[in-house]
Amino acid sequence: MKVGIRQKVLLETLNKGSIAAMSEDAQADTSTLSLLIKSIKISVDKHFTVESNTDLLAVKFSTLANDDSGITVKEEGSVVVPAKEFIDWVKLQGEDTTITMILQKLATPEIINTLEDMGETGEEVDKSKFSVKKIGTVKLTSRGTEKTQTKWELDCFDAENKPSVNFTEKSDKNFEMAGQQFLEALDNVKFAATPKDHEHVLDSISMQVYEKELYFAATDMQHCAIYKNPAGVDISSAKPLLISAVLLDLISKVVNPEDKISVAYSEEKERVYIGQTNLRIRVASTEKQHISKFPSIELLLKKVYKPLTECSKNSMIGMLANASFINPNSALFVFLKENGTLTVKAMSEDAKLKPNIRQCVVGDISKDAKAIWGVTHLLNGLKVIKSNEIQLHIPDNMKSLKITAKDQANFIYFTMSCENAIYNTSE
């Protein structure tokens with residue numbers, strides 16, 4: 001392999017193709033094959049391609065190799081190199097540099113036994129499954145326009161040790177939409193997912209079709225964010241999808257907002273396939289027997305909520321910030337119709353801090369109301385709302401709250417009311 005490539009092009013290709021290898025889980029991996037998990041596969045032919053994969057995520061990003069893209073191929077080939085070390089070095093080279101990569105093979109490949117540190121297992125083990133073949137080094141030269149030159153080299157391994165993922169496996173297309181819409185949908189709901197769920201239900205983002213519209217949703221069962229995608233989504237299947245919010249957040253960093261994105265699902269393999277012009281991604285889906293455990297958005301969307309009041313988002317955030325100083329988990333909200341005021345009272349759980357009371361005038365209040373709501377949950381929900389005018393809605397039983405934005409009809413936020421004995425005697 002021998003190729004010259006502009007630093008900016010190389011860095012972009014590396015950043016997109018390496019997200020699996022550079023993920024927190026991959027970099028922290030200590031298994032026998034961690035060397036390969038933390039590595040990327042670079043292939044050079046008519047395209048310059050970078051691939052990385054773990055059990056949960058596989059990514060492939062290609063750039064056409066020609067003069068227009070700043071890539072000159074002298075010799076085709078494939079190698080596997082450690083992702084972090086290579087990317088860190090490339091970042092140090094200026095955008096005005098051209099980086100030459102030349103594979104220098106060993107006369108005899110060196111076999112690295114990854115079982116060496118495991119000691120005796122007492123069992124017969126096929127060591128070939130736990131070995132990596134070092135085939136040589138990649139000689140790197142960076143040349144800048146000001147006649148600067150930097151040289152480095154990196155051990156590389158046999159590309160056969162890290163097979164390419166088959167992104168053409170049979171799958172059924174679910175939908176196609178603009179990349180920017182996909183990113184906006186994720187940004188509007190991901191905050192509501194719980195950090196960790198062993199069944200990967202509540203730590204995931206649900207994609208559901210309701211009344212021929214595509215919705216994204218996330219919940220921890222205490223609050224829920226729902227985003228209705230704008231018109232223009234091509235829906236091919238109404239099957240719901242459920243994908244880890246952490247993995248989707250990683251994927252969002254490499255999605256091109258200017259390009260259409262297609263999403264397909266293989267129920268047999270429990271994998272979701274995401275594609276753009278030069279990008280192929282395969283991501284693990286929640287196991288099919290658990291997907292139905294995510295609540296149907298239909299239940300929330302059909303639930304009757306009555307308008308309570310309108311108010312300024314900034315005013316509400318100010319009230320919540322003060323309450324959070326005393327108690328980030330809960331506060332008492334009191335709405336009085338007579339004088340049109342909202343009072344938020346926060347009390348310390350351990351009584352070490354005095355209560356904090358803040359009051360403001362809001363819009364017309366439909367009726368007197370009193371409820372305890374989660375402070376941090378509300379703050380997180382309000383932060384994704386772009387409009388400064390928000391509308392509060394409550395059901396007759398007062399057990400939840402719905403928030404909508406005046407100029408943002410595609411986002412709905414729900415939060416459950418809670419009980420806390422410290423507010424039982426509060427006025």
Side-chain angles (χ1 to χ4, degrees), residues 187-197 202-203 218-225 245 305 307-395 397-406 408 411-427:
D187 286 342
N188 274 273
V189 303
K190 64 185 181 184
F191 73 91
T194 197
K196 201 97 174 172
D197 174 17
L202 301 182
D203 62 0
T219 183
D220 64 358
M221 301 306 286
Q222 295 300 312
H223 67 159
C224 178
Y305 284 84
L308 175 62
T309 188
E310 292 186 4
C311 65
S312 158
K313 179 189 74 172
N314 292 335
S315 295
M316 179 67 86
I317 287 176
M319 299 184 81
L320 291 168
N322 274 265
S324 180
F325 175 70
I326 304 299
N327 190 336
N329 297 315
S330 66
L332 177 68
F333 295 74
V334 180
F335 297 85
L336 293 180
K337 180 177 180 179
E338 183 180 355
N339 58 9
T341 61
L342 163 61
T343 302
V344 178
K345 182 176 184 178
M347 299 179 67
S348 173
E349 297 287 352
D350 53 15
K352 287 184 178 180
L353 297 173
K354 297 292 184 183
N356 182 87
I357 300 173
R358 182 158 171 161
Q359 186 179 85
C360 75
V361 176
V362 295
D364 291 338
I365 296 174
S366 62
K367 68 174 184 177
D368 291 346
K370 183 187 293 186
I372 301 169
W373 293 319
V375 175
T376 301
H377 276 170
L378 280 172
L379 273 171
N380 291 339
L382 292 176
K383 284 176 183 176
V384 303
I385 294 177
K386 297 178 177 65
S387 172
N388 190 42
E389 296 299 319
I390 59 173
Q391 301 156 324
L392 309 184
H393 315 256
I394 53 174
N397 64 13
M398 289 291 295
K399 290 186 177 180
S400 59
L401 169 71
K402 180 171 87 169
I403 299 179
T404 57
K406 203 166 186 179
Q408 197 175 337
F411 176 77
I412 310 174
Y413 177 69
F414 299 87
T415 187
M416 299 292 292
S417 59
C418 51
E419 296 182 3
N420 193 330
I422 63 176
Y423 296 105
N424 285 351
T425 58
S426 297
E427 296 297 330

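What you see is a predicted model, and the numbers here were worked out from it, not measured in a lab. Residue numbers count from 1 along this sequence.
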Does one side chain, of Thr343 or Gln359, offer a donor that lies under 3.5 Å from an acceptor on the other?
-> yes
For the residue pair Ile390 and Cys311, establish whether any side-chain heavy-atom pair is separated by less than 4.5 Å.
-> yes
Determine, step by step, whether Lys313 and Glu389 satisfy the salt bridge (Lys or Arg N to Asp or Glu O under 4.0 Å) criterion, reporting the C-alpha distance in whole Å, the side-chain angles of both residues, the deciding distance to 0.1 Å, and the verdict.
-> CA-CA 6 Å; Lys313 179 189 74 172; Glu389 296 299 319; over 6 Å; no
Nearest-0.5 Å distance, CD1 of residue Ile365 to CG of residue Asn339 = 7.0 Å
If you round to the nearest 0.5 Å, how far is OG1 of Thr309 from CZ of Phe335?
-> 7.0 Å
Output the distance between atom NZ (Lys370) and atom CG (Leu332), rounded to the nearest 0.5 Å.
-> 6.0 Å
Calculate, to the nearest 0.5 Å, the distance between atoms NE2 and CG belonging to His377 and Asp220 respectively.
-> 4.0 Å
Gap separating the CE atom of Met319 from the NZ atom of Lys345, nearest 0.5 angstrom = 13.5 Å
Aromatic plane relationship, Phe191 with His223 - under 30° parallel, 30 to 60° tilted, over 60° perpendicular = perpendicular
In Å, rounded to the nearest 0.5 Å, how long is the span from CG of Asp197 to CG of Asp203?
-> 5.0 Å
Are side-chain N/O atoms of Ser348 and Asp350 paired as donor and acceptor at under 3.5 Å?
-> yes
Heavy-atom side-chain contact between Thr415 and Gln222 under 4.5 Å = no
Looking at side-chain heavy atoms only, is the closest gap between His393 and Thr404 below 4.5 Å?
-> yes
